[in-house]
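Just the heavy atoms: all of them, side chains too, but no hydrogens, waters or symmetry mates, feed the values below. To find a chain, count down the sequence lines: A is the first, B the second, and so on, and within it residues start at 1. Everything numeric here is computed off the predicted structure, so don't read it as measured data.
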Amino acid sequence: MIDLRLVREDLGAVRAAYERRGGVEGLEAVVELDARYRALLGRVEALRAEHNRASKAIGKASPEERPAAIEDARVLAEQLKDIEVDLERLEAELNDAASFLPNLPHHSVPEGTSEDDNVVEREVGDKPDFDFEAKDHVALGESLGLFDSERAAKTSGSRFVYLTGKGVILELSLVRFAIDFLLERGFSPVVTPVLVRERAMYGTGFLPAEEFEYYKIEKDDLYLTGTSEVALASMYADETLGAEGLPVRYAGMSTCFRREAGSYGKDTKGLIRVHQFDKIEQFSFAHPDDSWDEFAAIRTNQEKILQALEIPYRVLVMCGSDLGAVAAKKVDNEAWIPGGNRYLELTSATNATDYQSRRLNIRYKGAGDKGLVHTLNGTACAVGRTIVALLENHQRADGSVSIPGALRPYTGFDSIAPE
RNA sequence: GGAGGCGUGCCCGAGUGGCCGAAGGGAGCGCACUGCUAAUGCGUUAAGGGGGGUUACCUCCUUCAAGGGUUCAAAUCCCUUCGCCUCCGCCA
């Protein structure tokens with residue numbers, strides 16, 4: 001949710017910001033609804049004030065005056081009832097319309113109307129120069145016994161895997177590596193609930209816009225989260241944080257569930273696009289004045305992790321139309337995967353500014369300074385896809401895969417060879 | 001799954017229909033006093049929103065877990081939900 005006050009007071013600025021997204025539908029409707037809402041609100045409040053006065057007078061009235069006083073108040077109460085219903089309806093209409101308005105893009109976000117307008121900011125690391133034909137991670141995983149998609153399809157359907165053998169050790173090692181990395185940088189580790197109420201989904205902006213993408217447990221009215229971001233952001237719903245304690249940083253760990261609706265036929269094999277995967281996430285609650293510094297810190301962490309794992313990548317700044325609803329700015333890191341001869345999104349960093357905190361009502365308070373916090377999130381390690389990048393980049397001619405030095409203390413082995 | 005209890009301001013806690021945005025205590029802050037890390041006195045300390053304003057403020061509305069209901073009037077009565085606690089059953 002964006003700040004409607006801004007829509008009222010500086011509509012031009014809002015329009016200009018939305019231009020970066022290639023224009024946004026529904027803004028004019030919100031402007032009109034808001035004006036009508038405030039006009040009616042004024043009338044309702046005046047009537048309420050009158051009714052409150054009349055009602056209080058009853059308590060002080062003498063027994064003889066009472067019947068007439070009660071009648072006066074009753075008439076006012078009746079008028080109120082009608083007009084309040086209108087107000088509620090109008091408010092709901094306004095909120096509904098406003099909740100579809102996306103966040104205002106940061107001025108540094110490139111304008112754009114499609115993903116073709118995303119900007120490659122940098123390329124980092126050397127792509128491996130193999131003197132043999134690179135295999136993709138599916139072939140490597142199969143020959144190394146790291147996962148089993150076929151049997152998973154039998155039990156659960158397509159896009160599920162059994163991680164097996166050293167694949168499990170790799171997974172656990174990456175998790176612990178990422179957690180340790182973030183611990184050193186002031187992040188508190190949390191394992192989050194993966195089933196959440198609707199409010200958490202709505203508050204983080206995954207609803208109403210992306211409902212089709214997430215599993216819902218109808219029987220208990222709970223959603224399976226697609227990222228720990230949902231539960232992390234919701235942790236402090238309706239709370240006020242001390243300004244002096246900001247930023248508050250969490251390293252969230254959870255299994256993530258995605259329906260992948262509409263992606264039939266894409267990345268059907270292996271670990272790239274699965275319904276269930278594990279992910280370590282950075283999440284920060286920051287002071288509005290500092291949130292862009294925090295954004296930079298989160299991005300730095302992401303890049304250092306990729307560098308430690310010796311994965312070549314490029315930095316992709318998302319253009320206005322590719323931001324999604326909540327992001328004021330979003331930057332992805334895409335790993336080079338030689339087996340696929342392409343780039344693959346491995347991490348994503350978002351500054352949601354006050355878009356989530358307004359919906360979740362998360363505030364901060366300092367000396368003479370209060371407001372809504374800014375929320376930021378960024379992948380630390382999407383385990384499945386990271387394994388893909390490790391396998392494809394560190395494969396050797398004999399079909400084995402070497403483990404980067406930073407990970408060896410965790411794996412306990414320095415390569416994986418075919419059985 | 002069954003039975004019961006509870007949910008008030010930063011904290012504790014009073015409050016069963018109007019005089020309650022809310023006693024009292026604690027804690028914090030300010031001032032006073034005190035020759036000193038104390039005691040005392042006085043004052044003060046919630047959030048959100050609308051309108052006005054010479055932006056120091058004024059005014060109105062809303063909020064006593066959340067939502068709904070009864071009533072001229074609800075922290076107070078009724079219903080639902082959520083959370084916490086106790087007991088029984090069950091299970092890891």
Side-chain angles (χ1 to χ4, degrees), chain A residues 1-11 30-99 191-203 217-223 230-231 234-246 248 285 287-288 354-373:
Chain A
M1 187 87 84
I2 65 165
D3 188 358
L4 288 183
R5 215 172 308 184
L6 202 62
V7 172
R8 261 169 236 156
E9 289 166 9
D10 198 353
L11 185 58
V30 169
V31 170
E32 190 261 341
L33 281 168
D34 179 59
R36 275 169 55 202
Y37 168 74
R38 276 181 304 135
L40 190 57
L41 182 65
R43 283 173 51 205
V44 167
E45 289 191 347
L47 199 55
R48 273 181 189 157
E50 203 182 330
H51 176 252
N52 285 345
R53 276 195 297 274
S55 202
K56 277 186 181 166
I58 294 171
K60 289 167 187 146
S62 66
E64 308 84 67
E65 300 171 327
R66 277 211 173 207
I70 290 178
E71 178 59 17
D72 284 351
R74 199 188 56 74
V75 169
L76 286 169
E78 250 170 41
Q79 291 175 11
L80 249 185
K81 211 168 272 180
D82 290 341
I83 196 172
E84 276 181 334
V85 169
D86 292 343
L87 184 71
E88 260 172 53
R89 195 177 306 135
L90 199 51
E91 187 178 18
E93 229 177 298
L94 172 62
N95 280 339
D96 195 50
S99 75
V191 176
T192 62
V194 294
L195 286 168
V196 301
R197 292 212 173 100
E198 185 173 58
R199 190 202 176 186
M201 292 295 283
Y202 177 84
I217 314 290
E218 289 288 351
K219 196 172 176 186
D220 295 287
D221 212 20
L222 292 167
Y223 289 84
V230 179
S234 302
M235 235 161 99
Y236 289 118
D238 298 318
E239 292 191 40
T240 301
L241 308 176
E244 65 289 343
L246 298 176
V248 175
F285 299 90
H287 190 285
D354 59 9
Y355 195 84
Q356 293 177 325
S357 58
R358 183 168 291 107
R359 291 184 178 203
L360 289 168
N361 189 27
I362 306 172
R363 311 184 157 270
Y364 72 91
K365 191 174 169 186
D369 175 33
K370 60 183 178 180
L372 296 160
V373 300

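Pairing for B:A65 is with B:U81, a Watson-Crick or G-U wobble pair whose two hydrogen-bonding atom distances lie under 3.5 Å. Look at B:C20: it lacks any Watson-Crick or wobble partner with both distances under 3.5 angstrom. Both distances falling under 3.5 Å, in either a Watson-Crick or a G-U wobble arrangement, place B:A27 opposite B:U45. Remark: B:C36 base-pairs with no nucleotide in the shown strands. Criterion, Watson-Crick or G-U wobble with two distances under 3.5 Å. Pair assignment for B:U71 gives none, since no Watson-Crick or G-U wobble pairing has each distance under 3.5 Å. A 3.5 Å limit on both hydrogen-bonding distances identifies no Watson-Crick or G-U partner for B:C91. For B:U86, the paired nucleotide is B:A3, the pair qualifying as Watson-Crick or G-U wobble because both relevant distances are below 3.5 Å. Across all strands shown, B:G9 forms no Watson-Crick or G-U wobble pair with both key distances under 3.5 Å.
Under the 90° criterion around 0 for the glycosidic angle, B:A56 counts as syn.
Between A:E93 and A:R89, no side-chain nitrogen of the basic residue sits less than 4.0 Å from a carboxylate oxygen of the acidic one, so the salt-bridge criterion is not met. Using a cut-off of 4.0 Å between Lys/Arg side-chain N and Asp/Glu carboxylate O, A:D86 and A:R43 are scored as not salt-bridged. Under the 4.0 Å criterion applied to side-chain N and carboxylate O atoms, A:R74 and A:E71 are assigned as salt-bridge partners.
Atom name C1', nucleotides B:G15 and B:G24: the rounded distance is 11 Å, in whole Å. Taking the P atoms as reference points, B:U44 lies 26 Å from B:G49, given to the whole Å. The same atom, C1', is picked in B:G83 and in B:A65; the two are 8 Å apart, to the nearest Å. B:C33 and B:C42 are spaced 16 Å apart, taking the P atom of each and rounding to whole Å. With both ends at atom C1', the span from B:U54 to B:G50 equals 22 Å, rounded to whole Å. With C1' as the reference atom, B:G1 and B:U16 are 34 Å apart, rounded to whole Å. B:A3 and B:A14 have their C1' atoms separated by 30 Å, given to the nearest Å. Taking the C1' atom of each, B:G43 and B:A47 are spaced 23 Å apart, rounded to whole Å.
Dashed line: the shortest gap from a side-chain N or O of A:R197 to OP1 or OP2 of B:U81 is not under 4.0 Å. Residue A:R53 places no side-chain N or O under 4.0 Å from the OP1 or OP2 atom of B:C60. At the phosphate of B:C19, neither OP1 nor OP2 sits under 4.0 Å from any side-chain N or O atom of A:K56. OP1 and OP2 of B:C10 both lie 4.0 Å or more from every side-chain N or O belonging to A:K365. A close approach under 4.0 Å does occur between a side-chain nitrogen or oxygen of A:R5 and OP1 or OP2 of B:G49. Contact annotation: A:N52 side-chain N/O to B:C61 OP1/OP2 distance is under 4.0 Å. Side-chain nitrogen and oxygen atoms of A:R38 include at least one within less than 4.0 Å of the OP1 or OP2 phosphate oxygen of B:G51.
Rounded to an integer number of Å, the gap from CG of A:D238 to P of B:C82 is 17 Å. Between the CD atom of A:E91 and the C1' atom of B:G50 there is a distance of 12 Å, rounded to whole Å. Rounded to an integer number of Å, the gap from A:D34 CG to B:G50 C1' is 11 Å. In this structure, the CD atom of A:E71 is 13 Å from the P atom of B:A73, given to the nearest Å. Rounded to whole angstrom, the span from the CZ atom of A:R48 across to the C1' atom of B:U63 amounts to 11 Å. Note: CG (A:L76) to P (B:C72) measures 12 Å, nearest angstrom. Between the C1' atom of B:G48 and the CG atom of A:D3 lies a distance of 13 Å, rounded to the nearest Å. Following rounding to the nearest Å, A:L87 (CG) and B:G50 (P) show an atom-to-atom distance of 13 Å.
When side chains are defined from C-beta on, A:L87 counts as touching A:Y37, because their heavy atoms get closer than 4.5 Å. No side-chain heavy atom of A:N52 sits under 4.5 Å from any side-chain heavy atom of A:K56. Between A:Y355 and A:I2 the shortest side-chain heavy-atom distance falls below 4.5 Å.
Although no hydrogens or angles enter the test, the distance criterion places a donor-acceptor pair under 3.5 Å between the side chain of A:S357 and the main chain of A:V373.
Within 4.0 Å (heavy atoms only), A:K81 reaches no atom of the nucleic acid at all. As judged by a 4.0 angstrom heavy-atom cut-off over every strand, A:I58 is placed among the base-contacting residues.
Side-chain proximity of A:R363 to the nucleotides B:G48, B:G18, B:G50 is greatest for B:G48. Proximity note for A:A49 (side chain, C-beta onward) versus B:A73, B:C61, B:G50: the nearest is B:C61.
Remark on RNA chain B: of its neighbouring residues A:G371 and A:A46, the 5'-side contact belongs to A:G371, judged by nearest-heavy-atom nucleotide.
Donor-acceptor pairing under 3.5 Å, judged by distance alone, is present between the side chain of A:E45 and the base of B:G49.
More than 12 heavy atoms of other residues, nucleotides or ligands lie within 6.0 Å of CD in A:E84, so this atom counts as buried by the packing criterion.
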